[in-house]
K.L.:
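This structure is in structure tokens; I'll ask about it shortly.
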Amino acid sequence: MTDSGVQTDLLTTPGIVSGEFLQETVALTRRLFIQLKRRPTTLIAGIIQPLMWLVLFGALFKNVPEGLFGTSQSYGQFLSAGVIVFTAFSGALNAGLPVMFDREFGFLNRLLVAPLASRFSIVMASAIFITTLSLIQTLAIMALSFLMGAGLPNALGLAIVALIVLLLVLGVTALSLGLSFALPGHIELIAVIFVTNLPLLFASTALVPLAFMPTWLQVVASLNPLSFAIEPIRYLYLHNDWSFTSVVMEAPWGSVSLGGSLLLLFGFDAIALLSIQKLLYRRLG
């Protein structure tokens, strides 16, 4: 069967807009939360680790001269945006692991032969699960940073922060799920995660501003999707009078506005989803 034929089959009745699809997605998402309830260590560690980063890095650079990190009042305030984004990124990058383990233990095969309305409920459940965990982690980080004196964006700013986190998580989760179907096993997936995680952190503006970096790294960081999520959040923390035309990053290739960052994140999601589309159709068809 051709890819187009598979796509047609997957989108026909009852399809992904049916009540059955919603019911399947809820059931599969509930399964993931039941697993989390039985083994809450993942969530606990996922909350504690970024909080430790925030406390330890904030204390490490507490005595730096004021103004060294732009308009941030402290390094803790500067770091908050980076910790929020990197935590969401790390969680989304691990999104493919549960699917990979389901593949290896044979549970995925049982789902694929079950009379599902749409097998994309498997993907949707994973995306909802990871997004929920990312939002919980984000709330914990923002609460601690507030207690440490970093402040909070205004109400609309908080909504934009949530949107930015969701956009980043969606794109990275899509890529991770794609890898979970493309790679032969969890060892290879974990290797990709380890190789990708820290280089993308250091090649972003999470820890230092662009001005601190050598020219070549400024170019790399200004093309890193993490930077397009970090800089808008950082700007929202520091400015209550923001607008979508506000410049949040001065990249080597030009100025990036808040609205431009959102469009770039939407573009990143579109590329990620399109890049895994045929693979998912082939594997789930």
Side-chain angles (χ1 to χ4, degrees), residues 3 6-7 10 16 25 28-29 32 42 46 50 82 84-104 108 111 118-135 137-138 162-206 220-233 261-285:
D3 284 343
V6 172
Q7 294 179 26
L10 289 172
I16 62 173
T25 302
L28 291 172
T29 304
L32 293 173
T42 302
I84 288 171
V85 170
F86 183 66
T87 302
F89 167 75
S90 298
L93 198 59
N94 289 313
L97 281 174
V99 177
M100 179 64 80
F101 287 130
D102 283 345
R103 273 184 58 195
E104 293 182 345
L108 184 62
L111 287 178
S118 173
R119 293 168 182 174
F120 281 91
S121 56
I122 302 168
V123 176
M124 184 62 68
S126 296
I128 293 172
F129 177 71
I130 293 299
T131 300
T132 304
L133 295 189
S134 296
L135 289 177
Q137 291 170 320
T138 298
L163 175 61
I164 291 169
V165 171
L166 288 175
L167 289 175
L168 180 69
V169 167
L170 176 61
V172 178
T173 297
L175 293 176
S176 181
L177 291 173
L179 288 172
S180 71
F181 287 104
L183 297 176
H186 73 275
I187 298 298
E188 290 79 8
L189 181 56
I190 291 174
V192 171
I193 291 171
F194 275 123
V195 169
T196 306
N197 227 346
L198 287 182
L200 281 178
L201 170 65
F202 292 118
S204 72
T205 58
V220 174
S222 65
L223 299 174
N224 188 341
L226 296 187
S227 297
F228 296 130
I230 293 167
E231 290 302 318
I233 294 177
S261 296
L262 293 175
L263 288 176
L264 288 167
L265 287 173
F266 273 111
F268 168 68
D269 288 352
I271 292 172
L273 292 170
L274 288 173
S275 66
I276 68 166
Q277 187 178 34
K278 288 186 177 180
L279 175 64
L280 293 183
Y281 280 136
R282 187 165 60 250
R283 295 291 187 179
L284 298 178

K.L.:
First locate atom CD1 of I128, then atom CG of L28, and finally report the distance between them rounded to the nearest 0.5 Å.
P.N.:
9.5 Å
K.L.:
If you look at every heavy atom in T25 and S121, which pair is closest and at what distance?
P.N.:
OG1-CB, 3.5 Å
K.L.:
Examine distances only and state if a side-chain atom of Q137 and a backbone atom of G46 form a donor-acceptor pair shorter than 3.5 Å.
P.N.:
yes
K.L.:
Go through the structure and list residues passing side chain to side chain donor-acceptor pair (under 3.5 Å) with E231, not counting sequence neighbours.
P.N.:
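Side chain to side chain donor-acceptor pair (under 3.5 Å) check on E231 returns T205, R234.
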K.L.:
Looking at L183 and M100, what are the two nearest heavy atoms and their distance?
P.N.:
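Where L183 meets M100 most closely, the heavy atoms are O-CE, 3.7 Å.
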K.L.:
Specify the closest pair of heavy atoms between V165 and A88, including all atoms of both residues, with the distance to one decimal.
P.N.:
CG1-CB, 3.9 Å
K.L.:
How many angstroms lie between atom CD1 of I233 and atom CD1 of I230, to the nearest 0.5 angstrom?
P.N.:
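Answer rounded to 0.5 Å: 8.0 Å.
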K.L.:
Would you say the side-chain atoms of S227 pair up with the backbone N or O of S204, donor to acceptor, closer than 3.5 Å?
P.N.:
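No; judged by distance alone, with no hydrogens or angles, the pair does not exist.
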K.L.:
Are L97 and S180 close enough, and set up right, to give a side chain to side chain contact (heavy atoms under 4.5 Å, CB included), and what steps lead you there?
P.N.:
CA-CA 7 Å; L97 281 174; S180 71; over 6 Å; no
K.L.:
Is there a side chain to side chain contact (heavy atoms under 4.5 Å, CB included) between L262 and I164? Walk through the geometry before answering.
P.N.:
CA-CA 7 Å; L262 293 175; I164 291 169; 3.6 Å; yes
K.L.:
Taking all non-hydrogen atoms of both residues, which atom of L201 and which atom of A206 are closest, and how far apart?
P.N.:
CD1-CB, 3.6 Å
K.L.:
Out of curiosity, L200 CG to F89 CZ, how far, rounded to the nearest 0.5 Å?
P.N.:
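These two atoms lie 4.5 Å from each other.
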K.L.:
Quick one: pull up CG in L170 and CG in L273 and give me the separation to the nearest 0.5 Å.
P.N.:
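So the gap between those two atoms works out to 5.0 Å.
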K.L.:
Output side-chain donor-acceptor pairs under 3.5 Å for residues 187-199, partner residues at least two apart or in another chain, one line each.
P.N.:
| unit_1 | atom_1 | unit_2 | atom_2 | d |
| --- | --- | --- | --- | --- |
| E188 | OE1 | G185 | N | 3.2 |
| T196 | OG1 | V192 | O | 2.6 |
| N197 | OD1 | S90 | OG | 3.3 |

K.L.:
Checking the side chain of S176 only, and the main-chain atoms of T173 only, is there a donor and an acceptor separated by less than 3.5 Å?
P.N.:
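No: the side chain of S176 does not pair with the backbone of T173.
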K.L.:
Would you sort out whether S134 and I130 count as a side chain to side chain contact (heavy atoms under 4.5 Å, CB included), showing the intermediate values?
P.N.:
CA-CA 6 Å; S134 296; I130 293 299; 4.1 Å; yes
K.L.:
List for me each residue that meets ring pair (Phe, Tyr, Trp, His ring centres under 6.0 Å) alongside F268, sequence neighbours excluded, and say none if there are none.
P.N.:
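Here no residue qualifies.
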K.L.:
For a 4.5 angstrom cut-off between non-hydrogen side-chain atoms, does T87 reach T138?
P.N.:
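Contact flag for T87/T138 side chains = no.
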K.L.:
Which heavy atom of A203 sits nearest to which heavy atom of V220, and what is that distance?
P.N.:
CB-CG1, 3.9 Å
K.L.:
Apply ring pair (Phe, Tyr, Trp, His ring centres under 6.0 Å) to F101 and list each qualifying residue two or more places apart in sequence or on a separate chain.
P.N.:
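By the ring pair (Phe, Tyr, Trp, His ring centres under 6.0 Å) rule, F101 matches H186.
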K.L.:
Excluding sequence neighbours, so at least two apart, what forms ring pair (Phe, Tyr, Trp, His ring centres under 6.0 Å) with F86?
P.N.:
W53
K.L.:
So, taking the atom named CZ in F181 and the one named CZ in R103, what distance separates them when rounded to the nearest 0.5 Å?
P.N.:
7.5 Å
K.L.:
To the nearest 0.5 angstrom, please state how far the CG atom of L226 sits from the CZ atom of F202.
P.N.:
12.5 Å
K.L.:
Could you check D269 against L168 for side chain to side chain contact (heavy atoms under 4.5 Å, CB included), going step by step and ending with a plain yes or no?
P.N.:
CA-CA 7 Å; D269 288 352; L168 180 69; over 6 Å; no
K.L.:
With sequence neighbours excluded, tell me which residues meet side-chain contact (heavy atoms from CB on, under 4.5 Å) with F266.
P.N.:
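For F266 the side-chain contact (heavy atoms from CB on, under 4.5 Å) partners, ignoring immediate neighbours, are L167.
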